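A, B, ... follow the sequence lines: proteins, then strands. Residue 1 opens every chain. Since the model is a prediction, treat every value here as computed from it, not as a measurement.
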Amino acid sequence: MQIPSFSNTIIQWYNQNKRDLPWRNNKDPYSIWLSEIILQQTKVAQGTPYFLKFIENFPDVLSLSKAKEEEILRLWQGLGYYSRARNLHKCAKILVEEYNGIFPSDYKTLLKLPGIGKYTAAAIASIGFDAPVPVVDGNVYRVLSRIFGMFDDISNVSTFKLFFNLSQDLLHPKASGAYNQAVMELGALICHPVAPQCEECPFHNQCFALNENKIQLLPVKTKKVKKRSKTIYYIVLKWNNQIALTIRDQDGIWKNLYEFISMETTKEPDEIDLLDHLKTLFHGLPSIHSIGPIGANMQKHILTHRIIYANFIEIELNSTNAVAFKDNKFQWYGIEKADELPKPILIHNYLNEHFF
DNA sequence: AACACGGGGAC
DNA sequence: GTCCCAGTGTT
């Protein structure tokens, strides 16, 4: 296929078929940046409501930089990959303090900012400023490997450069933003990972994978991820219409986020185990009004590297009890102190939907 | 270079 | 269950 015709064809297809998405209304680098961070490893349908919430609460980089991290995490709750939210905040502060609130247009300068890697730097530079830099994401790997018959293993780090160079040769030098979005849009709408809609593809006559019947083989990706599983029992400790929350430690999954009192186990706990756990946490045992059924509402969370089984047990304290989480540990208080609990920043949708 | 990091959807 | 997604930071 002739290189100029590829670029022109895909941009023409894009202009006729692109979705009307809220961050495509303007070329404001702030909204491009925000949308790209939200859409990392995230589908458009899942990310869009978050984008709208953020634009409404923080219409520009200055307002975002002034926000508290907890506010940002609260809006981010349920979206996953929470370091994106923390880096978003860090980046906003750096932009205001060191860049006068103006986005750099240069790929290499963008790359230095927290949360902005090769993909996002290229996306902002090209979509926001039409800099001739190609984006390389999952769609680009899929679309280009199939059309051009590239069997290089995308799990291999060195393969990135092959696709980067090919796409740089292909992109329209004066419309790199349209070109990059066009390749990704084709990957999202037509060239699906499974069962692509080749009859609607503008390249169905030239596509290597379609003509050679090798669609399922491309792109080549050998890396396999081992999945571990573990079980966490959550103790929903209630008293006086309040629920005790704790904070996860600084390492591992959901770090620094709030959750119900949790107990990671290899075996099913019984009532004795639960009460021992509470006794240790609180340096003593409160008086219990009731304990809910154990193992009644198991939830399964399938993550990239692990499956987490989460079980929720409800324990209601007598109204003479009160508890607060302070100085990184639980303490008993009189009832009047119970409102000292921190505002929760939630860890996943189950908590979000069922309790708050 | 390998690994950790979330969650949802398609099949 | 398995695979994938508009990736980045850490070790």
**Message:** Please report the distance, rounded to the nearest Å, between NZ in A:K112 and C1' in C:dT8.
**Reply:** 18 Å

**Item:** salt bridge (Lys or Arg N to Asp or Glu O under 4.0 Å) partners for A:E264, two or more places apart
**Value:** A:K230

**Prompt:** Want to settle it: does A:S155 or A:V194 sit nearer the 5' end of DNA chain B, counting the closest nucleotide to each?
**Reply:** A:S155

**Item:** Shortest non-hydrogen separation from A:A182 to A:W13 and the atoms involved
**Value:** O-CZ3, 3.9 Å

**Asked** A:I261 versus A:F282: any side-chain heavy-atom pair under 4.5 Å?
**Response** yes

**Asked** When all nucleic acid strands are considered with a 4.0 Å heavy-atom cut-off, which category describes A:R142: base, sugar-phosphate, or nothing?
**Response** sugar-phosphate

**Message:** Please report the distance, rounded to the nearest Å, between OH in A:Y50 and C1' in C:dA6.
**Reply:** 17 Å

**Complete:** Rounded to whole Å, CG of A:L79 lies from P of C:dC5 at a distance of 17 Å

**Asked** Apart from A:I272 itself, what residues make up its hydrophobic cluster when side-chain heavy atoms of I, L, V, M, F, W and Y under 4.5 Å apart count as a link, directly or indirectly?
**Response** none

**Prompt:** Do A:Y119 and C:dG7 have a side chain to base donor-acceptor pair shorter than 3.5 Å?
**Reply:** no

**Nearest-Å distance for atom pair CZ/P, residues A:F160 and B:dA2** = 17 Å

**Message:** For A:F160, give me all partners under ring pair (Phe, Tyr, Trp, His ring centres under 6.0 Å), at least two apart in sequence or on another chain.
**Reply:** A:F164

**Message:** Test of understanding: with ring pair (Phe, Tyr, Trp, His ring centres under 6.0 Å), list the residues that count as partners of A:F163, not counting sequence neighbours.
**Reply:** A:Y141

**Message:** Would you say A:W254 places a side-chain N or O within less than 4.0 Å of OP1 or OP2 belonging to B:dG7?
**Reply:** yes

Could you pull out every donor-acceptor pair under 3.5 Å between side chains of residues 114-122 of chain A and any protein atom, sequence neighbours left out?
unit_1	atom_1	unit_2	atom_2	d
A:Y119	OH	A:E36	OE1	2.7
A:T120	OG1	A:Q40	NE2	2.9

**Asked** Any side-chain N or O of A:Y141 under 4.0 Å from OP1/OP2 of C:dC4?
**Response** no

**Item:** A:H192 NE2 to B:dG9 P, straight-line distance once rounded to whole Å
**Value:** 16 Å

**Fill in**
Atom CG of A:L186 and atom P of C:dC5 are separated, to the nearest Å, by 14 Å

**Among C:dA6, C:dC5, C:dG7, the one nearest A:P193 by side-chain distance** = C:dC5

**Item:** Nucleotide B:dG6, atom P - distance to CD1 of A:I232 in whole Å
**Value:** 12 Å

**Prompt:** Taking the P atom of each, how far is B:dC3 from C:dA6, in whole Å?
**Reply:** 24 Å

**Prompt:** Does A:R84 make a side-chain N or O approach to OP1 or OP2 of B:dG6 shorter than 4.0 Å?
**Reply:** no

**Request:** Can you sort out the partners of A:Y107 under ring pair (Phe, Tyr, Trp, His ring centres under 6.0 Å), two or more places apart, ordered by chain and number?
**Result:** none

**Item:** Gap in Å between the two C1' atoms, one belonging to B:dG9 and one to C:dT8, rounded
**Value:** 23 Å

**Request:** For DNA chain B, determine which residues of residues 29-43 of chain A have any heavy atom closer than 4.0 angstrom to one of its atoms, and list them numerically.
**Result:** A:Q41, A:T42, A:K43

**Request:** Give me the other members of the hydrophobic cluster that A:L210 sits in, counting Ile, Leu, Val, Met, Phe, Trp and Tyr linked by side-chain heavy atoms under 4.5 Å, directly or via other members.
**Result:** A:I215

**A:D251 vs A:N156, nearer the 5' end of DNA chain B by closest nucleotide** = A:N156

**Message:** So A:E185, base contact, sugar-phosphate only, or nothing? Heavy-atom distance under 4.0 Å.
**Reply:** base

**Request:** Identify whether the distance between the nearest side-chain nitrogen and carboxylate oxygen of A:E185 and A:R24 falls below 4.0 Å.
**Result:** yes

Give me the distances for all protein-to-nucleotides 9-11 of chain C N/O pairs that come in under 3.5 Å?
unit_1	atom_1	unit_2	atom_2	d
C:dG9	OP1	A:G115	N	2.2

**Fill in**
In whole angstroms, the gap separating C1' of B:dC11 from CD of A:Q216 amounts to 13 Å

